Amino acid sequence: MIKIQVPATSANLGAGFDALGLALGFYNFVEMEESDRIDISSADGLDIPKDENNMIYVAARDLYEVCGRKMPGMKIVQTNNIPMARGLGSSSACIVAGLAGANHLLGNPLTQDDLVDLAAQIEGHPDNTAPALLGGIVTAVFDGRKVHWVKQEVYTKLRFVTIIPDFELKTEKARACLPSQVSHKDAVYNLSRAALFSASLLTGKFENLRTAVHDRLHQPYRMELIPHCREVFDIAYTHGAYGAYISGAGPTIMAIVDEDNTYFTGKMKFSLENAGIKGWQVHDFHIDNEGTRIV
Ligand code: HSE
């Protein structure tokens, strides 16, 4: 069996809706080998689809098809550390694991660019799949067929603190609440901030991040689906976060924090409890600069 390690990802980064994403230092693991049947199991007892609807299986089969090969069947063993439907790229991790694993099993016929394109076509947007494959912070434009992307490695003294509620929010629901049209003014509001985000992150101008994470395309609408969202932002800023945003489609809230802000995580946990916001989990991570690998 080969073993694939895929990072969690955080998409949008505030204003960069469907365009910006970064990889985090915590991982799902998937073991795969060709088989004459579908044999899918979970190493940690998690309830996952065990038939041909399993996303890892679907992605692997798609890759075989692109390469003109019929997939005989597949044995897949999943270890899922990335919580599902929380805005941390769990479905992208499955797609990327399936593609990377199948490509490896076939002797790597597809290039990294091919994998980035295929993953975005399956997922519909590239801002989780591209950083999951590539690592670092990725700026990506998906024109419907191809992804035009830049990966930048990030070596900062920043930590990314995930504040994860105890409820799920499906991406379809979080996209369905968005308006179909926005004003010219709001478009400018977002594009300027999205550009400011990556430039500030990469040059160390962290004081800009609080402005850069604001947006008018998705967060104001999604906040209504996430109880306590505004309060959690306030608490994060009280404890010195540079910026806080809804990770991907939510409901996880991400706080960007200086490494020297030593007790941020503990203070956050304590304040959430004190405010009666129960059951949320707080963890901190560095950026993963490597992306998906066979281990
Ligand atoms: N950019 C996507 C969204 C990420 O916000 O809906 C979640 O898949």
Side-chain angles (χ1 to χ4, degrees), residues 8-24 26 80-93 123-125 127-129 131-132 159-180 182 186 189-190 193-194 197 209-257 264-285:
T9 47
S10 180
N12 299 331
L13 312 181
F17 181 70
D18 279 359
L20 295 179
L22 53 80
L24 295 166
F26 78 109
N80 281 14
N81 297 311
I82 308 170
M84 292 191 206
R86 296 298 209 290
L88 291 167
S90 61
S91 66
S92 289
E123 176 74 346
H125 32 81
D127 49 334
N128 286 113
T129 50
R159 285 176 301 142
F160 286 75
V161 180
T162 54
I163 307 159
I164 310 175
D166 61 355
F167 55 88
E168 298 187 346
L169 176 56
K170 298 264 188 236
T171 300
E172 305 83 68
K173 185 173 175 194
R175 289 182 87 85
C177 74
L178 305 181
S180 53
V182 295
D186 286 354
Y189 185 98
N190 263 68
R193 282 165 178 75
F197 186 96
L209 293 178
R210 189 164 179 166
T211 299
V213 291
H214 285 154
D215 98 293
R216 291 190 180 155
L217 298 189
H218 70 110
Q219 293 184 99
Y221 307 97
R222 290 173 166 173
M223 271 180 190
E224 305 307 322
L225 305 175
I226 307 171
H228 305 297
C229 184
R230 283 189 182 80
E231 212 176 337
V232 174
F233 279 168
D234 282 349
I235 297 172
Y237 283 122
T238 302
H239 294 314
Y242 285 124
Y245 64 88
I246 296 174
S247 182
T252 291
I253 293 165
M254 185 72 81
I256 308 171
V257 177
F264 179 88
T265 302
K267 287 178 188 170
M268 214 48 228
K269 285 182 187 164
F270 193 75
S271 295
L272 290 174
E273 280 287 319
N274 236 3
I277 305 173
K278 309 271 186 211
W280 292 49
Q281 296 211 14
V282 187
H283 303 286
D284 65 282
F285 302 100

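The shown structure was predicted, so the numbers you read here are calculated from the model rather than taken from an experiment.
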Spacing of [X] atom [atom1] and [Y] atom [atom2] [to the nearest 0.5 Å]:
X      : Y      : atom1 : atom2 : value
Ile253 : Ser247 : CD1   : OG    : 10.0 Å
Lys267 : Leu272 : NZ    : CG    : 14.0 Å
Phe26  : Thr9   : CZ    : OG1   : 9.0 Å
Ile246 : Ile163 : CD1   : CD1   : 11.5 Å
Asn128 : Asp18  : CG    : CG    : 9.5 Å
Leu22  : Phe285 : CG    : CZ    : 12.5 Å

Review point. Sequence neighbours excluded, which residues qualify as side-chain contact (heavy atoms from CB on, under 4.5 Å) partners of Ala15?
Key: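 So Ala15 forms a side-chain contact (heavy atoms from CB on, under 4.5 Å) with Asn190, Arg193, Ala194, Asp215.
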Can any side-chain N or O of [X] pair as donor or acceptor with the backbone N or O of [Y] at less than 3.5 Å?
X      : Y      : value
Thr162 : His283 : yes
Arg86  : Met84  : yes
Tyr189 : His214 : no
Asn12  : Gly248 : yes
Gln219 : Val213 : yes

Kindly give the heavy-atom pair with the smallest separation between [X] and [Y], and that separation in Å.
X      : Y      : value
Trp280 : Pro227 : CZ2-O, 3.5 Å
Phe17  : Leu178 : CZ-CD1, 3.6 Å
Asp127 : His125 : OD1-ND1, 3.3 Å
Ala244 : Ala236 : CB-CB, 4.4 Å

[Y] and [X], any side-chain heavy atoms less than 4.5 Å apart:
X      : Y      : result
Leu225 : Cys177 : yes
Met254 : Leu24  : yes
Met268 : Val232 : yes
Phe270 : Val282 : no
His228 : Ile235 : no
Ile164 : Pro83  : yes
Val257 : Asp284 : no
Tyr245 : Ile256 : yes

Holding to salt bridge (Lys or Arg N to Asp or Glu O under 4.0 Å), I want the full list of residues that pass it with [X], two or more places apart in sequence or in another chain.
X      : value
Glu172 : none
Arg210 : none
Lys269 : none

Point to revise | Residue list, side-chain hydrogen bond (donor to acceptor under 3.5 Å, both in side chains) with Ser90, at least two apart or on another chain | key: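 Counting only residues at least two positions away or on another chain, Ser90 forms no side-chain hydrogen bond (donor to acceptor under 3.5 Å, both in side chains).
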Practice item. Report the C-alpha distance between Thr171 and Ser91 in whole Å, list the side-chain angles of each, state the deciding distance to 0.1 Å, and finish with yes or no for side chain to side chain contact (heavy atoms under 4.5 Å, CB included). Key: CA-CA 10 Å; Thr171 300; Ser91 66; 5.8 Å; no
Practice item. Enumerate the residue pairs fulfilling salt bridge (charged side-chain N to carboxylate O under 4.0 Å, His left out) with a member in residues 221-250, sequence neighbours excluded, ordered by first and then second residue. Key: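 Sorted pair list: Glu224-Arg230.
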